[in-house]
**Student:** 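Supplied in structure tokens, the structure appears directly below.
All residue numbers in this chain count up from 1 along the given sequence. Since this is a predicted model, take the numbers as computed values, not measurements. Just so it is clear, the values below take in all heavy atoms, side chains as well, and ignore hydrogens, waters and symmetry mates.
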Amino acid sequence: MGSYTPQTPCAPRAARHPLRVCPAPGRLNTPHRKEVPLIDFCHIPVSIIKRSEGRSAVAAAAYRSGTKLTNEWDGLTHDYTRKGGVVHAEIMLPAHAPPEFSDRSILWNSVEQIEKARDSQLAREIEAALPRELSREQQLALVRAYVKDNFVDKGMCADFAIHDKGTGNPHVHIMLTVRPLKENGAWGAKCRKAYDLDENGQRIPDGKGGWKNHREDTTDWNDKGNVDIWRAAWAAYTNRALEAAGQPALVDHRSYKRRGIDKIPSVHLGPAASQMEKRGIRTGKGEVNRQIAADNKLLKEIKARITRLYNWSKAEAEKPEGQQPSMIDLWEAQQQLMRPDTRTGKIRALQESAALFSFMQANEIKTMQQLHDKISDMNSSYYDLRGKIVQAERRIAVLTERGEMWAQYNEYKAVHKQLAKVKPEKRELFEQRHSRELILYDAAARYLKELKDSGEKLTPKTWQREIDLLTAQKQVDTIDMKAMREELKAVERLRKAADQLARQERDKSHDRGPER
């Protein structure tokens with residue numbers, strides 16, 4: 001079975017963006033229930049396109065659809081016809097929407113024109129990863145059904161685009177209108193004035209000759225609970241599509257944190273191992289937990305870094321072409337920032353510059369969009385590696401416990417055999433003297449019996465071989481993860497340079513003062 005592949009924002013192989021998804025760690029099957037492979041959603045970002053942030057609905061629509069559109073509100077033309085990876089773009093409208101809104105330019109320019117304020121909210125956007133197990137036609141049917149039932153039937157106009165560069169990260173961008181349409185096709189109000197009422201249902205004077213009032217939305221589209229509803233619906237629709245396609249995979253819209261599996265869980269030490277660890281004696285389970293803690297720390301660090309860089313590069317890439325910093329400017333700026341005085345500092349600066357140059361050259365990064373695409377790919381690779389590391393750790397923990405129980409069983413088996421030979425009148429005294437050993441033997445014997453009853457063979461040598469193979473592969477994956485951290489450090493130097501350039505521009509504007 002293939003893997004279901006942004007931002008997300010989870011834990012989900014979730015959003016080769018921050019919406020990338022990854023397989024959940026393997027779990028042992030029980031003799032009573034065959035478990036279905038679970039694929040866990042990490043994050044499905046839901047955001048608002050705001051004019052106050054320098055964004056426009058027309059620009060966003062042009063970028064998502066890979067088209068050329070002119071924003072009649074500010075006169076800017078946004079040409080993304082050379083953008084690759086847009087495999088399908090489509091507008092879906094409610095029944096009472098003007099037919100001309102099927103033209104992307106007319107739809108979003110109408111939105112821009114009706115919103116007069118400089119801080120207007122123009123559109124809502126949802127991003128979601130698409131299952132690679134589905135064909136393009138099946139993916140398209142999934143998106144259409146989800147968009148129609150959850151948004152268009154509620155009165156929203158929807159403009160969606162499926163992106164797939166062939167790198168294993170198909171995903172959909174869904175832009176939605178936020179202002180309702182009247183039955184005649186004209187734009188309606190987002191909110192209305194509602195009077196505050198007292199316990200008798202009467203208006204309350206405001207002491208100024210008027211009445212106390214508040215503003216309330218004309219629709220429930222902005223309710224905070226909708227985000228979770230939409231995410232849950234996407235998981236449900238995706239599950240149905242996968243099942244219809246004969247795929248047993250499941251997705252879950254909840255984050256790792258909500259499901260309690262945000263980190264690789266440590267193994268239970270047990271009283272014996274706990275006492276040994278407290279006395280400074282290292283145990284097998286203790287070593288597993290120490291490695292899990294180290295892995296969790298590495299994964300958390302890299303995820304935080306990659307999320308910051310993803311959001312930054314995305315925001316920069318969506319700026320109008322003339323406002324995006326060039327790679328040449330960023331390279332020169334970071335060179336200016338690295339002017340150490342010491343010999344050691346100069347050597348380190350030279351190494352860092354070489355690493356950055358190698359990163360940009362190897363990935364052919366010449367524009368901010370190319371940099372963002374590379375970070376998106378790194379995000380995907382992160383979840384691939386994370387999934388393998390988490391799965392390996394969980395399996396190693398299971399096998400380690402089996403091995404320790406096998407060793408515990410054999411260590412105290414002789415005591416148990418002695419008990420069978422003890423005369424009845426001395427049995428109680430023997431049990432008192434060897435209570436600890438007998439308790440540990442019984443616990444191990446029960447564990448192994450349940451394991452055997454579940455259909456597992458007791459093969460300690462095979463368990464150890466699997467542990468060795470998993471450990472070796474995990475070490476390779478960890479090395480790759482650490483190499484990714486070094487690449488992220490290189491990109492962080494570009495971001496630092498971009499911040500420096502932005503500060504310089506602000507300082508220049510401040511020095512010039514307001515134009516007269």
Side-chain angles (χ1 to χ4, degrees), residues 24-35 37 260-261 263-296 388-478:
R27 294 171 290 185
L28 290 176
N29 291 340
T30 69
H32 309 290
R33 178 169 61 94
K34 183 178 180 180
E35 296 215 7
I261 53 173
K263 294 182 178 181
I264 309 169
S266 59
V267 299
H268 180 62
L269 287 177
S274 295
Q275 290 299 321
M276 294 173 70
E277 289 286 337
K278 288 179 180 178
R279 295 198 300 267
I281 303 172
R282 299 172 81 91
T283 63
K285 288 183 179 179
E287 293 295 346
V288 170
N289 279 345
R290 278 183 281 275
Q291 185 58 56
I292 287 173
D295 289 341
N296 276 328
K388 289 191 288 186
I389 290 173
V390 170
Q391 199 166 11
E393 284 286 12
R394 287 178 178 270
R395 183 59 178 168
I396 288 171
V398 169
L399 295 172
T400 299
E401 184 176 35
R402 290 183 184 179
E404 290 194 344
M405 283 299 185
W406 176 262
Q408 184 172 306
Y409 171 83
N410 285 285
E411 182 178 357
Y412 302 113
K413 183 166 59 175
V415 178
H416 179 74
K417 287 183 177 181
Q418 289 176 27
L419 176 62
K421 298 177 182 179
V422 174
K423 294 179 180 181
E425 63 270 18
K426 296 183 179 181
R427 189 180 183 92
E428 184 177 354
L429 180 61
F430 184 89
E431 288 177 341
Q432 290 175 355
R433 289 178 176 176
H434 300 280
S435 60
R436 178 179 176 275
E437 293 96 323
L438 291 172
I439 289 171
L440 291 173
Y441 170 83
D442 289 340
R446 283 196 305 271
Y447 176 90
L448 294 173
K449 183 180 183 300
E450 291 173 1
L451 189 63
K452 190 174 181 179
D453 290 345
S454 70
E456 290 283 346
K457 295 182 179 179
L458 303 183
T459 53
K461 291 183 179 179
T462 301
W463 298 339
Q464 188 56 52
R465 282 197 297 270
E466 187 177 354
I467 288 175
D468 293 340
L469 288 173
L470 288 170
T471 301
Q473 183 58 53
K474 192 177 74 66
Q475 288 174 345
V476 172
D477 293 335
T478 302

**Student:** Say you draw a straight line from CZ of R436 to CG of L440; how long is it, rounded to the nearest 0.5 Å?
**Tutor:** 5.0 Å
**Student:** Between the side chains of R446 and D442, is the shortest nitrogen-to-carboxylate-oxygen separation below 4.0 Å, so that they form an ion pair?
**Tutor:** no
**Student:** More than 12 heavy atoms of other residues, nucleotides or ligands under 6.0 Å from CD of E428: yes or no?
**Tutor:** no
**Student:** I need the I396 CD1 to Q391 CD distance, nearest 0.5 Å.
**Tutor:** 11.0 Å
**Student:** Nearest 0.5 Å, what's the NZ-NZ distance between K417 and K421?
**Tutor:** 8.0 Å
**Student:** Examine Y412 together with H416 and report whether their ring centres are nearer than 6.0 Å.
**Tutor:** no
**Student:** Where is the tightest heavy-atom contact between L399 and L470, given as atom of each residue plus distance?
**Tutor:** CD1-CD1, 4.1 Å
**Student:** Applying side chain to side chain contact (heavy atoms under 4.5 Å, CB included) to V476 and Q473, what does each step give before you reach the verdict?
**Tutor:** CA-CA 5 Å; V476 172; Q473 183 58 53; 4.1 Å; yes
**Student:** Quick one: do L451 and R402 satisfy side chain to side chain contact (heavy atoms under 4.5 Å, CB included)? Show the steps, please.
**Tutor:** CA-CA 9 Å; L451 189 63; R402 290 183 184 179; 3.7 Å; yes
**Student:** Between E431 and R427, does a salt bridge (Lys or Arg N to Asp or Glu O under 4.0 Å) hold up when you go through it step by step?
**Tutor:** CA-CA 6 Å; E431 288 177 341; R427 189 180 183 92; 3.6 Å; yes
**Student:** Between E401 and Y447, does a side chain to side chain contact (heavy atoms under 4.5 Å, CB included) hold up when you go through it step by step?
**Tutor:** CA-CA 10 Å; E401 184 176 35; Y447 176 90; 3.7 Å; yes
**Student:** Once rounded to the nearest 0.5 Å, what's the spacing between atom CD1 of I467 and atom OG1 of T462?
**Tutor:** 11.0 Å
**Student:** Please determine whether side chain to side chain contact (heavy atoms under 4.5 Å, CB included) holds for the pair V398 and W463, giving the CA-CA distance in whole Å, both sets of side-chain angles, and the decisive distance to 0.1 Å.
**Tutor:** CA-CA 10 Å; V398 169; W463 298 339; over 6 Å; no
